[in-house]
K.L.:
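One structure, as structure tokens, below. Some questions next.
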Amino acid sequence: MGINLESRHIQRLHQRHPVSGWSREPAERHHEPPVRIHTLGRFAVQAHHQPVTLTQQRRHKPFELLQALIALGGREVHSETLAAALWPDTDGDKAQNTFDVTLHRLRRLFGMKELFLLNDRRLTLNSQMAWVDVWAFERTINHCERLLARSTDPAVLRQLSRYSERLLTLYQSAFLEREAVRPWMLSLRERLRSKLLRHILDAGKVWQHHNEWAQAIRLYQKGLEIEPVGETLYQRLIVCYRDTGNLAEALNTFHQCRRQLAAQLQIQPSLRTFTLYQSLRTRTTAS
Amino acid sequence: MENYIVRIYRRDRTDPQRVNGVLESVERETQQAFADLDTLSALLESKLETSPTESTCSTHHRRPTLALAK
């Protein structure tokens, strides 16, 4: 009896204060949330497996409100913060009214009462009802960090490989990359990009250490898609190709690095990159 | 408001002024390289001078916003 009461109490608490998607483990859910929101690259929304679309440009604001809510954390974001982000040139009261109308339209679009929770003027996207790719990305990358700390265990390495692959799948491209740029997008966009690049360098090092060259190369190549002037990525890639005997690819990578640094930063590769290049030349001559 | 992202790719440990990076203009989707902090400062100053919002806006003093990324 006590257990049932407690469990009902917890259920009620969950309904009132849903746990944010940010903090949860990347475990499989027992139920599939009815709403799916993609923001990494294309912006797409589905409800019950059907796309939710707005065709007229002037009616785009409800989606912008949803995007801003996600960009600003998704949980208990103050309506004033959202209104200031979306209508920066509108006065306080008018902006609040516009916020209320836009939220009403957004709710009507989905037709799910509990999807957007407004308490004390703070708006939450209910993580029990919505799957958001950036939340999944953050959960997965946090899990990867914990796995990297125990990367000497072969079982952990297998998990790392799986979750790392999931990260690359989730990160199609930068947050809301195809949308018109807004200042409120930038912080999350840069944070996710930076986190993925950090993961690529950390996980790549682990794969190199275990002579899992293909895994390391795949990660570094993905890293260069995100950051074409990341010299450390080029250096690591050169080492991977060199140590697997693929000298031609190693040399190509060096030249690609030199071209990119010259074109985008007007600089030469660093001494360390040139030293790697020399090691390639020595091996090419010897062979 | 104008938004810029400063990406720093290389630092000279012996000379803190020598920093290689790019200044990205978010709205214009352009980027310019710099090799030291003076050049970065000059690039930002030139943006302020050429910014259309500066000349048309009379009620607010708009300043560029910087997001630092490394």
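As a basis for the values below, the full set of heavy atoms in this structure was taken, side chains included, without hydrogen atoms, waters or symmetry mates. Each chain gets a letter, A, B and so on, in the order the sequences are listed, and its residues count up from 1.
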K.L.:
More than 12 heavy atoms of other residues, nucleotides or ligands under 6.0 Å from NZ of K205(A): is that the case?
P.N.:
no
K.L.:
I'd like to verify something: which residue of Q31(B), E29(B), E27(B) has the highest number of heavy-atom pairs under 4.5 Å with chain A?
P.N.:
Q31(B)
K.L.:
Quick one: are E227(A) and Y9(B) in side-chain contact, heavy atoms under 4.5 Å?
P.N.:
yes
K.L.:
Taking CZ in R218(A) as the centre, count heavy atoms belonging to other residues, nucleotides or ligands within less than 6.0 Å. Is the count above 12?
P.N.:
no
K.L.:
If you count the non-hydrogen atoms of other residues, nucleotides and ligands that lie under 6.0 Å from CG in D91(A), is the total more than 12?
P.N.:
no
K.L.:
Tell me the salt bridge (Lys or Arg N to Asp or Glu O under 4.0 Å) pairs involving residues 16-26 of chain B, sequence neighbours left out?
P.N.:
R7(B)-E24(B), D12(B)-R18(B)
K.L.:
Please list, chain by chain and in numerical order, all residues satisfying salt bridge (charged side-chain N to carboxylate O under 4.0 Å, His left out) with R182(A), sequence neighbours excluded.
P.N.:
E64(A)
K.L.:
Counting neighbours of NE2 on H255(A) that are heavy atoms of other residues, nucleotides or ligands and sit closer than 6.0 Å, is the number greater than 12?
P.N.:
yes
K.L.:
Can you say whether V229(A) sits under 4.5 Å from chain B via the side chain, the backbone, both, or neither, judging by heavy atoms?
P.N.:
both
K.L.:
To the nearest 0.5 angstrom, please state how far the CG atom of N20(B) sits from the CD atom of Q264(A).
P.N.:
13.0 Å
K.L.:
For S270(A), which atoms come within 4.5 Å of any heavy atom of chain B: side chain, backbone, both, or neither?
P.N.:
both
K.L.:
By a 4.5 Å heavy-atom criterion (distance strictly below it), what part of L265(A) contacts chain B: side chain, backbone, both, or neither?
P.N.:
both
K.L.:
Begin with the C-alpha distance, continue with both residues' side-chain angles, and end with the deciding distance and a verdict on side chain to side chain contact (heavy atoms under 4.5 Å, CB included) for L261(A) and R10(B).
P.N.:
CA-CA 11 Å; L261(A) 292 178; R10(B) 197 182 288 172; 4.1 Å; yes
